[in-house]
Amino acid sequence: MRFPSWKAKKRKIFFMALAAGAFVFLGERVHRDPDHSVRKLPTNLLADIAGSFARMYASRFPASDKFSQELVALRSKGKLSSDNEALIRSTVDKVSFHLKMPPAVLWCLMFQESRLNHLEGFNEEKGALGLGQFSFYSFYEVNFHLDRFNDDNLVMFRKTLGMDARPIGAFRGDVYHPSSYFYIPTAVAATGAYLNNRYLHLKRILERKEIQFDPALLWLHAAAAYNKGTRGVLSFWNTQRERRGTKGLAKLLSDREAFFKSFAASDTFDEALERIWPTDDALAYSRELRVHLKNLRDCAVAGGDGNFFRKIPEQEAKP
Amino acid sequence: MPHAHKHPTHHAPSHAETPKHKPKPDLKLVKRPHPAHGKEAVRHENVLALVLAVVTLGALVLGTAGYLALSRRASMPPQFSGFDELETTFRVHGIERYLTEKAKLRDRVAESLRDPKQSQDRTHRRVAGSLALYLFPDLLDRADLMEGVAQESWGTLMLAIERAPRSRDSRLWFEEMRAAIWNFESPKGDERELSPIAKRVIRIYDVLSAP
């Protein structure tokens, strides 16, 4: 039996020490800011997400004081346990990483939809359910068209839940079952997948028509489609294109200030939705959609309801 | 008549008997026993009143619903009235006649979309645009962002159903088509948020694909 030479031993010790040092250094970096999920991502994907997202979306959300206070109230009233909140946060980080989606948009969307109550609608026979307020048709899409645009949703499901948990449904018998939408990781993953499909659909339409857009800003349009349907968003875009031309539409899709101005005023949204619903309904939905977008902006966008947005006068936005 | 003997005798006062002061009218004279005075009769009267109330309420509800239905129908511009009949056309005359009527409707929608005067009217624009979106996607303007969406999301499924109506496959295509339309318009599954035209289109293809 040959014993390793002293030189070989020294080399081995050196490499082990180097590996341990690197491990400690990386661990410390990750631990320093656990909420800042973008920093946890590998550098090759960081370019996709951190580039435009970090400039636009808040790394700590909700971004606005109003929603932060509401979150504190939910905690203090016992409507949101710290365990559930932590589980939602960590799953949002994983899902948004795999879908290259701004985590702030996914979290804020669920906050808007259900105030993070994963059992919302549990005792109801009808109506939307859970964190992302899913309906029969949302389940249908996740179960049958998860990979409608690409495989990202499927990969995300496997990596986040450890399996393809489909068919997913409102299974009340065991809320910890990976196929139950009342199970938090499943709800976040399914909500992320459904939002991702809205995003990819809108993106494909714009690419086909060769209309420029900011991928980061498009997530807010996708969140609008999640809430009021893709038809509402496309009708809004059509109206904008007819009023201001393709350049005007491209501006709406790439200049966030222009987009925020657009939903401060009601006329474009009103006209767009009047092309879908009779006037009374259209005006009510227009108001709901604009409030939804404003809340999302305040919750997810860096600066929230801070000084940047206060510069936009509500009346000035009318054309 | 069990109570006939109880009737008081009517005495008309004669002039000779007329006193100085006008006598007070004898109320007993007009007081007659009535069948309703019995407990059972009272119960009958109550039941009758209840029935009348229910009938009146029902008539009111039906009247209101009818009025609302008529006013909804009235919101459909007259040249598109054939759309409301498509479902019945298929039920009564079958797929060939359905396709003929649909083709006629297509011409009217195309004409309406081309006419700038008609496009000024909001109801007109909404109905013509929605009919084109759901039934005739090829009529949508090339610049319309919904053009490709309609064709690939439900256009091909509808054509497939029309080629093989009432088949088992058509039912599967219908389920796909219905989910695509709901997710396009009302992801929350709220029926109020589904537009009237989308609702009617789903109804038509539900009938076409029903085995």
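Order of the sequence lines fixes the chain letters, A, B, ..., with proteins taken first and strands second; residue numbering starts at 1 for each chain.
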Identify which part of [X] has an atom lying under 4.5 Å from any heavy atom of chain B, answering side chain, backbone, both or neither.
X        : value
A:Tyr194 : side chain
A:Leu129 : neither
A:Glu242 : neither
A:Ala225 : backbone
A:Asn227 : both
A:Lys228 : both

Classify the angle between the aromatic ring planes of A:Trp107 and A:Phe111 as parallel (below 30°), tilted (30 to 60°) or perpendicular (above 60°).
-> parallel
Do the ring planes of A:Tyr181 and A:Phe134 sit parallel (below 30°), tilted (30 to 60°) or perpendicular (above 60°)?
-> parallel
Given side chains that start at C-beta, do those of A:Phe259 and A:Ser254 come closer than 4.5 Å, heavy atoms only?
->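 Sidechains of A:Ser254 and A:Phe259: no contact.
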Under 3.5 Å, is there a donor-acceptor pair between the side chain of A:Ser235 and the main chain of A:Arg231?
->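 Absent.
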For [X], is it the side chain, the backbone, both or neither that has a heavy atom under 4.5 Å from a heavy atom of chain A?
X        : answer
B:Arg192 : both
B:Ala180 : neither
B:Glu175 : both
B:Glu191 : neither

Within 45° cone and under 6.0 Å: B:Arg178 NZ/CZ vs B:Tyr205 ring =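 No; the conditions do not both hold, so B:Arg178 does not lie above the ring face of B:Tyr205.
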Can you tell which of B:Ala179, B:Ser186, B:Ala198 has the highest number of heavy-atom pairs within less than 4.5 Å of chain A?
->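 The candidate making the most pairs under 4.5 Å is B:Ala179.
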Among the options B:Leu145, B:Asp141, B:Leu133, B:Asp144, pick out the one with the most heavy-atom pairs lying under 4.5 Å from chain A.
->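 The residue among B:Leu145, B:Asp141, B:Leu133, B:Asp144 with the greatest pair count is B:Leu145.
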Ring pair (Phe, Tyr, Trp, His ring centres under 6.0 Å) assessment of A:Phe149 paired with A:His201 | CA-CA 8 Å; A:Phe149 298 101; A:His201 196 192; 5.5 Å; yes
Answer yes when B:Glu87 and B:Arg203 have at least one side-chain N-carboxylate O distance shorter than 4.0 Å, and no when they do not.
-> yes
Give a yes or no on whether A:Arg172 atom CZ has more than 12 heavy-atom contacts from other residues, nucleotides or ligands under 6.0 Å away.
->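 Yes, because the 6.0 Å sphere around CZ of A:Arg172 holds more than 12 heavy atoms from other groups.
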